Novice: 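Have a look at this one before I ask anything.
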Amino acid sequence: MAMREIAGHQVQVNEEGFMTDPQEWTKDIAVEIAKVEGIPELTLQHWQVIDFCRQDGMATGKAPTLRRITTAAGVTTKEMFALFPKGPAKKVAKISGLGKPEGCV
Amino acid sequence: METATVTATATTPAFVVTPEEKPRHIAFICSKGTLDMAYPALVMGWAALGNGIDVTIFFTFWGLDMINKNRVDHIEIAPVGNTAMKMSMMGLDTGNLGIPQIAGVLPGMTAFATKLMKDKMRALDVPTVREYLQMLSDAGAKLYACKMSVDMMGLKQEDFVEGVEAIVTAGDFMDMTAGAQIVFI
């Protein structure tokens with residue numbers, strides 16, 4: 001476990017760069033992590049997915065898997081790969097300040 | 001002695017790697033048409049895509065059943081010859097007792113075993129083979145049918161589910177998967 005400064009906030013991250021305390025998350029942190037993950041600007045559609053993941057993550061205590069997002073948030077697989085290319089569930093979990101999503105689907 | 005020298009000079013942690021290397025590419029060859037052999041490539045392919053890895057799947061021989069419109073929803077598992085299939089699958093407290101081979105040959109046993117397995121998967125919210133193929137193709141996986149098998153079985157492109165890009169030769173497959181890791185199932 002390490003501390004890292006993101007967008008002026010001191011937050012705890014694990015060795016893969018996922019935040020370990022979702023309470024420390026703020027929207028400006030999301031914008032900063034997204035840039036590092038290769039998403040220069042978060043659009044309204046990005047935010048809809050992030051908001052869903054935040055709600056779902058806080059309610060269940062774990063980051064939603066890609067299938068959970070596509071079945072419950074009304075976003076298609078194609079859209080997810082377009083919004084968050086190269087590993088969308090992991091990327092959105094990281095941006096949303098949640099842990100790495102677990103599960104095979 | 002040599003180990004000690006290495007330890008003393010190693011100051012950079014080994015896990016620091018450059019992230020922007022050539023993207024990893026995994027190719028699966030699906031050659032079987034049974035339920036237990038249909039899922040591995042689908043599950044691993046989906047996991048690979050979720051990790052930002054490029055995926056190619058080549059369907060050959062019985063694996064063509066997985067992408068055949070008329071077969072994809074009827075992929076089965078047979079208890080005959082399958083020593084891993086135990087009576088306990090049916091919810092019986094029978095430990096390691098296998099399903100008797102003689103019972104496996106009774107009409108309806110294959111359908112019964114298939115139903116049990118599909119019910120278990122449904123309970124875990126595991127997508128069907130058809131749904132998985134759709135997810136994979138939407139996520140950017142490249143799906144191909146093997147030309148020789150297609151010719152042998154008298155099939156055509158229109159016999160396959162959406163998402164199957166083309167019917168290709170083994171040579172084409174080799175070209176498309178240069179540098180990829182290949183998994184034969």
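Reminder, nothing fancy here: chain letters follow the sequence lines and each chain counts from 1. The shown structure was predicted, so the numbers you read here are calculated from the model rather than taken from an experiment.
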Novice: Between B/Trp62 and B/Val80, is there a shared hydrophobic cluster once you connect ILVMFWY residues whose side-chain heavy atoms come closer than 4.5 Å?
Specialist: no
Novice: Heavy-atom pairs under 4.5 Å with chain A - which of B/Leu49, B/Leu42, B/Val43 has more of them than the others?
Specialist: B/Leu49
Novice: With a 4.5 Å cut-off on side-chain heavy-atom distances among I, L, V, M, F, W and Y, is there a chain of contacts connecting B/Leu133 to B/Val164?
Specialist: yes
Novice: Heavy-atom count check: over 12 atoms from other residues, nucleotides or ligands less than 6.0 Å from A/Lys62 NZ?
Specialist: no
Novice: Quick check for you: among B/Leu124, B/Asp54, B/Val126, B/Asp125, which has the greatest number of heavy-atom pairs under 4.5 Å with chain A?
Specialist: B/Asp125
Novice: Hydrophobic clusters here meaning ILVMFWY residues chained together by side-chain heavy-atom distances under 4.5 Å, can you tell me if B/Met117 and B/Tyr39 are in one?
Specialist: yes
Novice: Can you name the residues of residues 30-52 of chain A that have some heavy atom under 4.5 Å away from a heavy atom in chain B?
Specialist: none
Novice: Measure distances from B/Ala47 to the heavy atoms of chain A and classify the residue's part below 4.5 Å as side chain, backbone, both or neither.
Specialist: neither
Novice: Give a yes or no on whether B/Lys86 atom NZ has more than 12 heavy-atom contacts from other residues, nucleotides or ligands under 6.0 Å away.
Specialist: yes
Novice: Can you name the closest pair of heavy atoms from A/Lys86 and B/Pro23 and give their distance?
Specialist: NZ-CB, 4.0 Å
Novice: Which atom names give the shortest non-hydrogen contact between B/Asn51 and A/Lys90, and what distance separates them?
Specialist: OD1-NZ, 2.7 Å
Novice: Please report the interatomic distance CD(B/Gln134) to NZ(A/Lys78), rounded to the nearest 0.5 Å.
Specialist: 7.0 Å
Novice: Inspect the surroundings of CG in B/Asp73 and state if more than 12 heavy atoms from other residues, nucleotides or ligands are less than 6.0 Å away.
Specialist: yes
Novice: Return the CD to CG distance between A/Glu79 and B/Asp138, rounded to the nearest 0.5 Å.
Specialist: 10.0 Å
Novice: Flag yes if B/Met109 and B/Leu35 sit in one hydrophobic cluster, no otherwise; membership is Ile, Leu, Val, Met, Phe, Trp, Tyr, and two members link when side-chain heavy atoms are under 4.5 Å apart.
Specialist: yes
